[in-house]
Amino acid sequence: MGQPQMKISKLIVTPVATHDQPLLNSTGVHESYRERTIVQIETSDGYTGVGETHGGKASEVEANRDWIVGHDPRQMTKARLLWKGTPQGWSPVETAMLDAAAKEAGMPVCDYIGGRARDKVEWAAYLFYKFADENSQGEIANGEALDPEGFVKQAEEFVERYGFKALKIKGGFFEPDIDIETFRLLRKRFPKQDGYEIRIDPNAVWTIETSIRVAKAIEEYEPQYLEDPTDSIADHAELKKHTDIPTASNMCVSAFSHVKPNAQLGGIDVILGDHHHWGGILAYKETGVLCRVMGWGLSGHSNNSLGVSQAAMLHACAATPELNFQADTHYPWTDTDGDIIKGGKLQFKDGFMEVPDAPGLGVEIDEDALAERAEALKMGPPSNRSEMILSLDPKAKPRDGSWTGFNFPNYSKPRW
Ligand code: GKR
Ligand code: MG
């Protein structure tokens, strides 16, 4: 092999809690904190790497410790073959390895994996109906947004603060006519001719018939795309017979195994790629190639996350030329002082985020902040804020029978 081997000599896996505001989605309300899994590695020659993914993935990473410790982080193809577990569990390990290997090469990750297509990445404002945050702990929009007018106010805060030009409506909690009215008011406040794009995502709670009705009702407001309005790829293909609005997905098409069925049925036009779900930053690049070959658009999916995931998605998007929509990000919903990276949160400017020039990911773990977030997780389960839902829907009952369950009450689908 010639060049001296790099060897991972240390692996640390830390589950953490990050405060979450009472955001509403199709199944209910977000809990008072979101769990994330942080992976840190160090090589025998002193290079460090970090990665982040969803909660509950620590045991999966630990189950692969036997080969990760001792592995050369530059031998990524071998690592992908050795990994035993889910794409979500693999992604932080891959990110950490790319971080350390790129540092050793003295290059930012996006340049280390073949070179960047752009120096900055554009993001979308991810807007939610929501209750007021209990302690106004959030970085932005701590107030309630329980109707279209409140929603537009939230959008104004996001545009004012971060400069976003693309606005995403997280719909599906209220009945469709409320979402239609929100779309109308948002378009009125943020005209297309001023460069604003608007998309909507009800997370598959509409039947085909309701999706057609909503599509007809919002066509005049020139939606960027309709994201997971209904359920299966075939359902979206049926919808497409009734509207020219592009369809997008991070649900029915959210893995490589969904590509062939979508190619056959033609239900989804835009893929919301995500290195957490598809299995890494390199997998995001591969999704780009697929979209180019298939003539599909490529956007980016997100969940509540910390600065390590945001940095990883930043490099993935910078390195993928096929990205042709503003990627989603939940990062504005991360508290200003709630992150775990040194120097505080990464910054948006005019809706964009610059790719760091530092070798690696360009973010370093603040060990004190990490310890604090890990401690927060041990303080007990999150509140599921069921009282908030019951204030709006007194008849709500937990779908799985547990009143302290996740995403109360976890409404079933389709709802309309
Ligand atoms: O944060 O409530 C949320 C979102 O609905 C999230 O769970 C989805 O995975 O962001 C996501 C999406 O685009 O579907
Ligand atoms: Mg979605």
Side-chain angles (χ1 to χ4, degrees), residues 18-36 53-56 87-88 91 123-131 133 138 140-141 145 151 154 158 166-174 179 198-206 211 214 223-233 235-236 245-255 258 267-278 284 287 297-306 309-310 313 325-334 382 384-385 388-389 406-411 413-415:
T18 173
H19 164 250
D20 197 356
Q21 290 203 50
L23 309 179
L24 291 164
N25 62 28
S26 60
T27 54
V29 64
H30 284 207
E31 293 66 45
S32 54
Y33 69 67
R34 178 67 52 116
E35 185 181 338
R36 302 293 285 174
T53 192
H54 300 265
Q88 290 85 355
S91 68
W123 306 86
Y126 204 143
L127 309 168
F128 288 81
Y129 301 106
K130 65 184 294 283
F131 297 100
D133 186 68
I140 190 160
F151 202 98
Q154 182 187 115
F158 269 68
L167 312 175
K168 169 164 174 169
I169 301 171
K170 174 55 36 151
F173 177 79
F174 292 111
D179 285 336
I198 305 176
R199 53 185 77 166
I200 185 165
D201 175 14
N203 285 107
V205 293
W206 299 337
S211 302
V214 174
Q224 192 177 33
Y225 52 65
L226 257 179
E227 183 183 332
D228 294 307
T230 190
D231 192 21
S232 69
I233 295 172
D235 294 346
H236 286 88
I245 304 171
T247 55
S249 180
N250 65 267
M251 300 176 78
C252 59
V253 179
S254 55
H258 301 150
I268 299 296
D269 306 306
V270 179
I271 307 297
L272 276 89
D274 182 336
H275 72 281
H276 304 94
H277 287 295
W278 289 68
Y284 188 84
T287 314
L298 179 65
S299 184
H301 171 263
S302 67
N303 285 105
N304 293 85
S305 72
L306 295 163
S309 277
Q310 182 66 28
M313 199 59 187
F325 288 92
Q326 300 87 348
D328 286 356
T329 178
H330 278 65
Y331 198 49
W333 294 109
T334 301
N384 73 349
R385 294 167 165 155
M388 291 181 176
I389 291 284
F406 184 84
N407 228 173
F408 183 92
N410 211 0
Y411 292 113
K413 295 181 180 164
R415 290 185 68 197

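Since this is a predicted model, take the numbers as computed values, not measurements. Both counts, for ligands and for their atoms, begin at 1 and track the order of listing.
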Please name the pair of heavy atoms, one in [X] and one in [Y], separated by the smallest distance, quoted to 0.1 Å.
X	Y	result
Gly56	Glu35	N-OE2, 3.3 Å
Tyr284	Ser299	OH-O, 2.9 Å
Arg415	Gly172	NH1-O, 3.3 Å
Leu272	Ala248	CD1-CB, 3.8 Å
Gly28	Pro409	CA-CD, 4.2 Å

- Query: Can an N, O or S atom be found in Asn250 less than 2.8 Å away from the Mg ion (ligand 2)?
  - Reply: yes
- Task: Report the member of Trp333, Phe128, Tyr126 with the shortest heavy-atom distance to atom 10 (O) of ligand 1.
- Result: Tyr126
- Message: Going by the closest heavy atom to atom 6 (C) of ligand 1, which one wins out of Asn25, Asn203, Thr27, Asn303?
- Response: Asn303
Record the part of [X] in heavy-atom contact with ligand 1 below 4.0 Å; permitted values are side chain, backbone, both and neither.
X	result
Asp201	side chain
Ser26	neither
His277	neither

- Message: Return the closest protein heavy atom for atom 1 (O) of ligand 1 as residue, atom name and distance.
- Response: His330 NE2, 2.7 Å
- Quick one: look up the protein heavy atom nearest atom 3 (C) of ligand 1 and list residue, atom name and how far away it is. His30 NE2, 3.3 Å
- Message: Angle between ring planes, His277 versus His54, binned at 30° and 60°: parallel, tilted or perpendicular?
- Response: tilted
- Item | Heavy atom of Leu23, distance to ligand 1 below 4.0 Å | no
- Query: Under a heavy-atom criterion of less than 4.0 Å, does Met251 contact ligand 1?
  - Reply: no
Short list, please: which atoms of ligand 1 are under 4.0 Å from a heavy atom of [X]?
X	answer
His301	8 (C), 9 (O), 10 (O), 11 (C), 12 (C), 13 (O), 14 (O)
Asn250	12 (C), 13 (O), 14 (O)
Lys170	4 (C), 5 (O), 11 (C), 12 (C), 13 (O), 14 (O)

- Query: Stepwise, does the salt bridge (Lys or Arg N to Asp or Glu O under 4.0 Å) test hold for Lys130 with Asp20?
  - Reply: CA-CA 11 Å; Lys130 65 184 294 283; Asp20 197 356; over 6 Å; no
- Message: With no hydrogens and no angle check, just 3.5 Å: does a side-chain donor-acceptor pair link His275 and Ser91?
- Response: no
- Message: With rounding to 10 degrees, what does the angle Asp201:OD2 / the Mg ion (ligand 2) / Glu227:OE2 come to?
- Response: 90°
- Can a salt bridge be assigned to the pair Lys413 and Asp231 using a cut-off of 4.0 Å between side-chain N and carboxylate O? no
